[in-house]
Amino acid sequence: MNCTSSIRYNPVHEMSLCEGILQILEDESRKQGFTRVKQVWLEIGELSGVEVEAMKFGFDAVMRGSLADQATLHIVPLPGQAWCMQCARPVTVKQRFDACPDCGSYQLQVTGGDEMKIKELEVE
Amino acid sequence: MCTVCGCGEGETKIEGHGHDHEHPHDHVHDDHHHHDHEHTHSHEHGHDHGHAGSHEHTHDYGQGPAHAHAPGLSQARMVQIEQDILGKNNAYAADNRRWFEQHGVLALNLVSSPGSGKTSLLTRAISDLTGELAMAVIEGDQQTSNDAERIRATGVKAIQINTGKGCHLDGHMVGHALQSLAPDNGSVLFIENVGNLVCPAAFDLGEAHKVAILSITEGEDKPIKYPDMFHAADLMLLNKIDLLPYLDFDVEQCIDYARRVNPRIKVIQCSAKTGEGMPQWYQWIRATRQITMINQPADQTASPSAQV
């Protein structure tokens, strides 16, 4: 893996999230009657604090030996959205501490982009 | 593995409690049971699965082998689930929140890096507020019950949760701890989370507010280094302010960073050692508790000293 300085080396947080994903997959397999999960689509907001590389690493490790062993993980990023109180309109941000791209104010209220969702699955 | 926290089952230890799940939550551990039956579940969807054929694709997959029309995709189908990854934790947290509301308990989730002085801040607050408020404490640490013992030495009831490998408390653990601890109606429950500025931000425990503690021996840029935590907190306690003459800590810059990630965060500068700023924190607790008590019957709102 190409470890750049922006990647955390200890994916504990993402591992926890993958445990949560596995539990949901197992619950859904009972409810919806499937035995194998082949592909998983996640929606991860850019402000959720999730490191995508760490998530992929954690996913493969946690799913090993489960109904989702070797499943392909797709991560659909959702942009960070905020309401600028100065401009009184929505803006797009990359990080929580970004300034408004238009007026430079930090008076932003994050309104979206912190989602962590399992969107859909391919199963059999 | 336990719910969402990722810690190994049996790793989590709650004092006087074997983590043995007699609680009413539905909670399945490590269950890899699979159903073998053929499903007939019909599920409309609009996904193209890489079918090379040019025919109109109007039927769905979940029909079993008889309807297969591509090798290797015989039973494959798409399932839309739209579930929050932290959904289970959020459900436990919602149970806790309901319990807090029913009992008029103000629950505060104290979060910080290790060594920010959370426990000292708490023991000082407890000794200063004893007689005025009923209080209880849940202590989270990976190992040892040292902190719960420090709290119990003040005379307030406390329970230790050891998360083992887990890096944060979760809603499920706190639900268990509540059963053992049984905080009094109308009390203030301090939940001292594991020292970690990353994961506890994402795991709701059902608390009314997260209180982030930052000591000035840390960098003033902590709020933007760990923006999720300071975004999630309603109050920031800037602790060890008595050390200001000896450090190059820029208080205004730190508060500015905190407001960048959270424009509505309140900030109190304090020192658990000298007591400076502590009355302001107590005032915040009193005011917040009043709001918690709005829907409580009048007899529960009385302070312990008034009942004596």
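Numbered from 1 within each chain, the chains take letters A, B, ... in sequence-line order.
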Query raised in the report: Going from CD1 on B:Ile85 to CD on A:Glu14, what distance comes out if it is rounded to the nearest 0.5 angstrom?
Result: 10.0 Å
Query raised in the report: Once you round to the nearest 0.5 Å, how far does CD of B:Gln83 lie from CG of A:Asp27?
Result: 7.5 Å
Query raised in the report: Could you give the distance from CD (A:Glu43) to CD (B:Glu82), rounded to the nearest 0.5 Å?
Result: 6.5 Å
Report task. Spell out the residues in residues 220-230 of chain B that have some non-hydrogen atom less than 4.5 Å away from a non-hydrogen atom of chain A, in order of number; otherwise answer 'none'. Result -> B:Ile224, B:Pro227, B:Asp228
Requested in this report: Sort A:Ile21 into side chain, backbone, both or neither according to what part of it lies under 4.5 angstrom from a heavy atom of chain B.
Outcome: both
Report task. Check whether B:Ala202 gets within reach of chain A through its side chain, its backbone, both or neither, counting any heavy atom under 4.5 Å. Result -> side chain
Query raised in the report: Side chain, backbone, both or neither: which part of B:Arg264 has a heavy atom under 4.5 Å from chain A?
Result: side chain
Requested in this report: Apply side chain to side chain contact (heavy atoms under 4.5 Å, CB included) to B:Leu86 and A:Met116, showing your working.
Outcome: CA-CA 8 Å; B:Leu86 294 175; A:Met116 292 190 276; 3.4 Å; yes
Query raised in the report: Using non-hydrogen atoms and a limit below 4.5 Å, what part of residues 70-85 of chain A faces chain B?
Result: A:Met85
Query - Contact winner vs chain B - A:Gln95, A:Gln107, A:Lys119, heavy-atom pairs under 4.5 Å - result: A:Lys119
Query raised in the report: Is the NZ or CZ atom of B:Arg260 both under 6.0 Å from the centre of the six-membered ring of A:Tyr106 and within 45° of that ring's axis?
Result: yes
Report task. Can you measure from CD (A:Glu28) to CD1 (B:Ile81) and round to the nearest 0.5 angstrom? Result -> 4.5 Å
Query raised in the report: Under a 4.5 Å heavy-atom cut-off, does chain B meet the side chain of A:Ser105, its backbone, both or neither?
Result: neither
